[in-house]
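One structure is given below, encoded as structure tokens.
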Amino acid sequence: MAEETFVENPDYPIELNDDTLDEAVRKYPFLVVDCWAEWCGPCKMLGPIVENLAKKHQGDIVFGKIDVDKNNKTASRYGIRSIPNLLVFKDGAKAGDIVGAMPEDRLLQRINAFK
Amino acid sequence: MYDIIIVGSGPGGLTAGIYASRSRMKTLMLTSQVNPSLITTTDIVENFPGFPGGITGYELIERFTQQARLFGLEIVEDDVVSLERASRDSTDIWRVNTGKGSFEALSVILATGTEYAHLNVPGEVEYTGKGVSYCATCDGPFYRDVPVAVVGGGDTAVQEALFLTRFASRVTIIHRRDRLRAARILQERAVAHEKIDFAWNSAVEEILGETMVKAVRISDVGDPSEKRTLEVEGVFVFTGYIPNTVFVRDVVECDESGYVIVDDKMKTSAPGIFACGDCTKKVLRQVITACGDGATAAFAAEQHAQDLKGNAYGAWAGF
């Protein structure tokens, strides 16, 4: 996927995969990627919270999501052993991760701590 | 103002929601964003009547929710912080406070369930998400062809160990006793399974690793000086439960472990507060028993609400 296909300030989590993740990490200075899978109940709870945050914080935080069941390379590259797992990228490098489902305000706090 | 507020959205709460909404009670369900019903993390439920092939916990809850919504149950995602007595037109009601605001009701049903207990050993917190897990259905597929350990000997531990055999190269069940507590059919399957072995009479002392879990150190329960190390990449903890009742312990009577004490009508020690499901003191915590409790709790909560409305004759027109 070419770089220009990523919108500038998305108000939704952009769909990523093993091949496009790096591109997105390079493009967005602050990117939070929701690693999820169909089989994971708590991921389905966190999904709508992430969508909400993407809408509310458009222009401030860019969110992405990646189905780690279909994208094994990303899962093993970042040592993901539990989902939901949010990978936080700052200035082109991984800054940390946030494991587990939590309420919106707490999640936002944890994300902002990486800024 | 609601007739009934239900706190929690597992099998007990949703059954109460189905019954209360179907009785045309104005009913609100508050669901937690932090603690999903434990049944949603269960791979398969095969003892719930009506599903001879079994059903996943997640799908079962989806169906309960769909059924409750059909009768008009209102559902709001918000974590409850406290419960307090309030008064409206000289009638005693309950105010349910959440992080975002508060809601009032004539009756409250607590259906908050439990969460998994932690081991409280070195390495557990550090490696959570890096090899330590409390959800086999969420995390099992990340452990393809590597050895894992399951800690515990009850139904959940054994069922999740069986689930993990689909992915892991070996599953070692670490249990403090010399036999399992799980249902006999699960025991039989585990003992017969070629990928499952057992560390009997063993307690976890420490979870070891570098960036990820590499091993778990266990000791003999009878002689703690006898230690050994199992090389595993995952440690799945299913040793017990803690009731999600911290916010009500000053309001309703609980037992020493924090389970809410209820009578046969699911009444708690506080008038107008009822409880059902796993958060209550009871002998068997299962989906089917939570559902039974939920139906009873809805019936009793409705009775309480109707009594209050009768007492406050005419005063409720505005609600």
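Because only heavy atoms are used, hydrogens play no part in the values below, and waters and symmetry mates are left out as well, while side chains stay in. Each chain gets a letter, A, B and so on, in the order its sequence line appears, and its residues count up from 1.
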Item to check | Between B/Thr211, B/Thr128, B/Val132, B/Asp139, the one whose heavy-atom pairs under 4.5 Å with chain A are most numerous | outcome: B/Asp139
Item to check | Atom NZ of B/Lys214: over 12 foreign heavy atoms under 6.0 Å | outcome: no
Item to check | A/Ala75 portion near chain B, given a 4.5 angstrom heavy-atom threshold | outcome: side chain
Next on the checklist: For a quick test of reading the model, state the closest non-hydrogen atom pair linking A/Val68 to B/Phe142 and the distance between them.
Outcome noted: CG2-CZ, 3.6 Å
Next on the checklist: Given heavy-atom pairs under 4.5 angstrom as the criterion, report whether the side chain, backbone, both or neither of B/Thr56 touches chain A.
Outcome noted: neither
Checklist entry - Which answer fits A/Asp105, side chain, backbone, both or neither, if we ask what part of it has an atom under 4.5 Å from a heavy atom of chain B? => result neither
Next on the checklist: Within a 6.0 Å radius of atom CD on B/Glu84, are there more than 12 heavy atoms belonging to other residues, nucleotides or ligands?
Outcome noted: yes
Atom pairs and distances, donor-acceptor, side-chain atoms in residues 42-52 of chain A, under 3.5 Å, two or more places apart:
from	atom 1	to	atom 2	distance (Å)
A/Lys44	NZ	A/Glu38	O	3.2
A/Lys44	NZ	A/Glu38	OE2	3.4
A/Asn52	ND2	A/Glu104	OE1	3.4

Checklist outcome for this item: Expected contact set for residues 81-93 of chain A against chain B at heavy-atom separation under 4.5 Å reads A/Arg81, A/Ser82, A/Ile83
